[in-house]
Amino acid sequence: MSYNERKKDSTPMNRGRLYFVQVAFLIGAGALLWRMVELNTEQSAFLKGQGDARALRVVEISAHRGMISDRNGEPLAISTPVDSVWANPKVLIHQQKRLPALAKAVGIPLKQLQRKISGNSGRGFIYLRRRVSPSMANKVTQLDINGVALQSEYRRYYPMGEVAAHVVGFTNIDDQGQEGAELMMDEQLRGVSGSKRVIKDLYGRIVENVERISPSINGENIELSIDRRVQYLAYRELKATVERNQAKGGSAVVLDIKTGEVLAMVNQPAYNPNNRRQLKSSALRNRALTDVMEPGSTMKPFTIAAALESGQFKPTTTVDTSPGRLKLAGFTIRDFRDYGTIDLTTVMQKSSNVGASKIAMALDSGEMWGMLTRLGFGIDSGSQFPGESSGHLRSFQQWRKVEQATIGYGYGISATPLQLARAYAAIAADGVVHPVSFLKYRDGDHIPGERVMKVSVAREVRTMMEKVVQTGGTGTKAQITGYRVAGKTGTVRKAVAGGYDKENYLAIFAGMAPASDPRLVMISLIDQPQAGDYYGGVVAGPLFSKVMAGALRLLDIPPDDLKQQPPSLMAISPPASAVRLTASTLKVKS
Amino acid sequence: MILTLAIVTFTSALGVIYSKHQSRKEFVQLTQLQHRRDQLNTYWGRLQLEQSTWATHGRIQKIARTKLQMVIPNSSKIVRLSP
């Protein structure tokens, strides 16, 4: 019916109906308009918020944890992203016929997968499989099933495994440092995770990125002072030595004496940081700096240094050690045998306890304490490594005469192997002590150091320590062909409740090379050797010799003791075979 | 007057639409590039890991000793050349 026709038929009654309809429409339109205005003004904020709440999401952009590398940039800890497969059971439960393909892709039996999904049908998020291989992640992506997605997580790998485990430490599942350098440098390593706003659809997939709220800042890379090659060498030799001697444990520390940087620090027992399922807490300890011991005879060089520093003694000053026993306040100090009247050099070479005690007692207790404290006994090494102990040295005001005597040969005082290494480094560095650093110094960095004894004293002590390693000394097994070595042996009775253990010993060797101009200091310590030998020189000496020889070669430190080769021969063209061998060996090791 | 204002408003509205579109496009591109960067980083990390696995000291030592018959020369075989 056309409009014209209707107009023709219009009667008063019809017109009334028309008006009614028109008014009704007007009211309707007015109401709609009003509603529109109301929605757009009064309720707009609420509605917009509700809409955003259903689609807009803020998601975290996880930051990359920094890499830990050794001093040459070789990786010691790396984070690589791995994917975890997760599912939304609420959605997935309606797609039963795709489950077999999914089960195959993620490697879960179909029955188990079905149970997992129906069992969690009320939840919106379950992990199907965490940390899958890249190829598996690819397969899942290709299936493209609604309600199944990947989430990227970081996993930390430790390429050196147990070799550097104690120094590098590890992180927990949330990427927080738990031990070692991972804990010490956690703040720098950890990145700041950012966030972004995205639009997600019904299935939780990201449809559109809206804006970045804050950027993610990746963690810094950290360069440790460790040298991977020396570390490996030290670990291999330590492990072999501990096994050969059926020992309970052991530690070795190598320091660069010019800077105080730790080049290697290894312990036994160790653990594999990549697989910590069967981890024993005792293996976790970085013994080289958590466990204290009495240094025993390895203390004597410092007693003698204090004696020389005081001016009362010279290397040739003699001490009467007969009859090889010394009774003090109901306590007897014994020597291996009666050495008679000997000079300081011989006290060191033969490791005479009576001699060292008599020297110590002749010194002013305050001066002796001052020397030991400056060398770092009783205070931590400045490394800031987590769990480090500071050892124990009583204040000299509490010393009795007998204590001063026992400290003189290394009992009644306790220190960590690292502290001992640092103190030996002071003798090696002509009397300057550096704080221990686990981080590599960059070129131009200021290297803090403090003079603790005269240059002449340090050199005299070093000359005496060379005698220890030479024929007639206690440490002949620590010799290194081609290099002069200075060192000191220690065979320490372990302190147990109520006295000292008669059966169990610590075998220690502390040494430095090349003795003419020392570069490296190393402490090797074997805890409770059970295979017969227990003397420091016999058990720990060879370990020192092997590791130090390798380290000197790896670090290109020239030999200072090539007596067997007259200088005139060196300039003449060498036999070709020798050169080839040397060059190829170097290539493999570097 | 009103007409001019209307035209100006309209043009500015078009401008807003255009710039919004541009910003979205660039944002998408940025995310893509970031994604690519992350992928390359991941790849680099994997290569580093792979390299350090191949270069395990134990493995190198074994190959050097058994396959290549290498030995550490003793001191009598070393000749030192001083400059």
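Quick note: numbers below take in every heavy atom, side chains included, and nothing from hydrogens, waters or symmetry partners. Residue numbers begin at 1 in each chain, while the letters A, B, ... track the order of the sequences.
Proximity to chain A is limited to the side chain of B:Gln34, based on heavy atoms less than 4.5 angstrom apart.
Enclosure of atom CD in B:Gln22 by more than 12 non-hydrogen atoms of other residues, nucleotides or ligands within 6.0 angstrom is indicated.
Residues in residues 73-82 of chain A take part in these side-chain hydrogen bond (donor to acceptor under 3.5 Å, both in side chains) pairs, two or more places apart or across chains: A:Ser79-A:Arg156. Evaluation of the salt bridge (charged side-chain N to carboxylate O under 4.0 Å, His left out) test over residues 15-26 of chain B, restricted to residues two or more places apart or in two chains, returns A:Glu208-B:Arg24.
Taking A:Asp227 as the reference, A:Arg229 meet the salt bridge (Lys or Arg N to Asp or Glu O under 4.0 Å) condition, with sequence neighbours excluded.
Within residues 44-54 of chain B, the residues that have a heavy atom under 4.5 Å from a heavy atom of chain A are B:Trp44, B:Gly45, B:Arg46, B:Gln48, B:Leu49, B:Ser52, listed by number.
Here the NE2-CE distance, from B:His57 to A:Met160, works out to 5.0 Å after rounding to the nearest 0.5 Å.
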